Amino acid sequence: MQPVPPNKQQALVDRLTEQCGGAYSPETRRKHFITGPQWAAAYQGQALFYAPTRTPVTFEDVIREFGKIGIGYWCTHDSDVIPSAQLGKDGQSEIIARIQKSLNDHGVKCSMVTTETFFHEVFAAGPAPESPEVREYSAFRVRNTVDIGHELGAQYAVYWPGSLGYFVQGAIDEMQQLRWYAGALNAACERDIEVAKKKGRPTLKHCLEAKPFEPQAEILLPTSDAMLGFISSGVLTHPEMVGLNPEYLHELMWGGAPRAALARALLAGKLWHLDINDGYRLKHDVDIGMGLVNPLDWLNVLMLLRSNGFNGPFNLDFKAPRTTSNHGVFSVSFPSAVDRFITLWEIAGDALTDPIINEATAALKAGSGVSAGTDGHAIAEANKELLTLHELIAHRLVQLLLGLHRGRKIFA
Ligand code: XLS
Ligand code: MG
Ligand code: MG
């Protein structure tokens, strides 16, 4: 193949993307409660060992492009869009007015706001450290985010505590820090009740997000299960206002089964928001686009969510790899992530109504009908052939995922 000169490269990517086919229309995409984060779209490819590979983009760019793609909802950290020095000041209202205009111009809604309590130097010792001034600042930040959320019409607030943990041992009192962190959440909920009443709006759903490692060496609330324990521990003044925003990859990172973590959150009635992405077990937070690594596991997750009535928000908390260009972020990354989600959501629907899976599942639940009392061996013998259905169901799911139930004609 001939070299592809710089001015022909975008056209090549666009043509091959088109040839992939299978793209849903923006209208179809908008039917799903899919939300796109400002920080994900604006990520420039930098990380601990990396310089940025992409140029900065504004919230106007992100909202406009989301509108074109058909991502109906946008979300943001407070400091993604408002420089920290302007938070709570006049500059904030000007920026909020510009955001509202962009959202209206492009038919996008704000679904969620989140507070950055990890990046700024003030959070060097975490969002709930010893210093009362820092804790008061954290409370100011979350209260202010609640205000922003109500201004922008959001329904959700998310809290990833980030640096709640430690690098070196000895200085941290875990009990104390957990209580102090609860203090910040209590401040947010109390402000929410006040503002919601004043504005005649429902209160926000406050969702905690866990991550097992990064950015601290040790994390005080590393998993969604730890968050559930924290919510019901008695330290929150409004536990009924606080639920979870699990992130698929964050559960996988510690070696957990995301589907099981989500099932536990569903049982507790606390699965309110979900960050969708992909990656690898026991690695760092690679935030790969949903379905690129574990499509079969994702199919299983979506079957669980569909059959339990969870219908979003599905938040595209992934990051385009460094190798993707600014153009590629909106022409390949976001549309393809949305489309993989929709396809897997539809396949999950097919799997839930698939006659083979349904008959196999019903047969497993029916058991053998042989009553062998307390004779474990006899019970096992009587169910033995039925249990082969486990593997058959797994095969059938792979068939549905790969389209093999329609035959292998495409390979002929
Ligand atoms: C970081 C988190 C972050 C949250 C919001 O790992 O995923 O992006 O979703 O603060
Ligand atoms: Mg996340
Ligand atoms: Mg992540």
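Each residue takes its place number in the sequence, starting with 1. Remember, it's 1-based here, ligands and their atoms both numbered in the order they're listed. These numbers were taken from a predicted model, which means no experiment stands behind them.
- When each atom of ligand 1 is checked for a heavy atom of K211 under 4.0 Å away, the hits are 1 (C), 6 (O).
- In H77, the part holding a heavy atom less than 4.0 Å from any atom of ligand 1 is the side chain.
- At least one N, O or S atom of D285, from either the backbone or the side chain, sits less than 2.8 Å from the Mg ion (ligand 3).
- Each of the atoms 2 (C), 6 (O), 7 (O) of ligand 1 lies under 4.0 Å from some heavy atom of H250.
- Residue N245 has no N or O atom closer than 3.5 Å to an N or O atom of ligand 1.
- For the residue pair L386 and A363, the shortest heavy atom distance occurs at CD2-O, 3.6 Å.
- In summary, an N, O or S atom of D275 is located under 2.8 Å from the Mg ion (ligand 2).
- Contacts with ligand 1 closer than 4.0 Å are made by side-chain heavy atoms of D285 only, the backbone lying farther away.
- Annotation: angle subtended at the Mg ion (ligand 2) by E209 OE2 and D317 OD2 is 160°, to 10°.
- Between K211 and E247 there is no salt bridge, since no side-chain nitrogen of the basic residue lies less than 4.0 Å from a carboxylate oxygen of the acidic one.
- Residues H32 and F314 place their aromatic rings such that the two centres sit no closer than 6.0 Å.
- Annotation: E385, atom CD; neighbour count of heavy atoms from other residues, nucleotides and ligands within 6.0 Å does not exceed 12.
- Heavy-atom contacts of D317 reach the following atoms of ligand 1: 2 (C), 3 (C), 4 (C), 7 (O), 8 (O), 9 (O) (cutoff under 4.0 Å).
- For ligand 1, the atoms sitting less than 4.0 Å from at least one non-hydrogen atom of W39 are 5 (C), 8 (O), 9 (O), numbered in the order shown with element in parentheses.
- Counting heavy atoms closer than 4.0 Å to ligand 1, residue E116 contributes nothing at all.
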Check your understanding: Where do Q399 and R396 land on the side chain to side chain donor-acceptor pair (under 3.5 Å) test, with the steps shown first?
Key -> CA-CA 5 Å; Q399 273 199 326; R396 183 67 178 163; 2.7 Å; yes
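- No more than 12 heavy atoms of other residues, nucleotides or ligands lie within 6.0 Å of CG in D90, so this atom counts as exposed by the packing criterion.
- Of all the heavy atoms in I347 and L400, the pair that sits closest is CG2-O, 3.9 Å.
- Taking the ring centroids of F118 and W160, they lie under the 6.0 Å cut-off.
- Residue W160 holds the heavy atom nearest to atom 1 (C) of ligand 1 of all those in Y159, W160, F118.
- Here the side chain of Q155 pairs no donor or acceptor atom with the backbone of S111 at under 3.5 angstrom.
- The atom of E247 nearest to the Mg ion (ligand 3) is OE2, with the search restricted to N, O or S atoms.
- Looking only at its N/O/S atoms, H250 has NE2 as the one nearest to the Mg ion (ligand 3).
- Around atom CD of E27, more than 12 heavy atoms belonging to other residues, nucleotides or ligands sit under 6.0 Å away.
- Of the N or O atoms in E209, one or more lie within a sub-3.5 Å distance of an N or O in ligand 1.
- The two atoms that bring R141 and S84 nearest to each other are NH1-CB, 4.4 Å, heavy atoms only.
- Closest approach between the Mg ion (ligand 3) and any N/O/S atom of D287 involves OD1.
- Listed by number with element, the atoms of ligand 1 under 4.0 Å from a non-hydrogen atom of E247 are 7 (O).
- Contacts between D275 and ligand 1 below 4.0 angstrom, taking non-hydrogen atoms only, involve the side chain exclusively.
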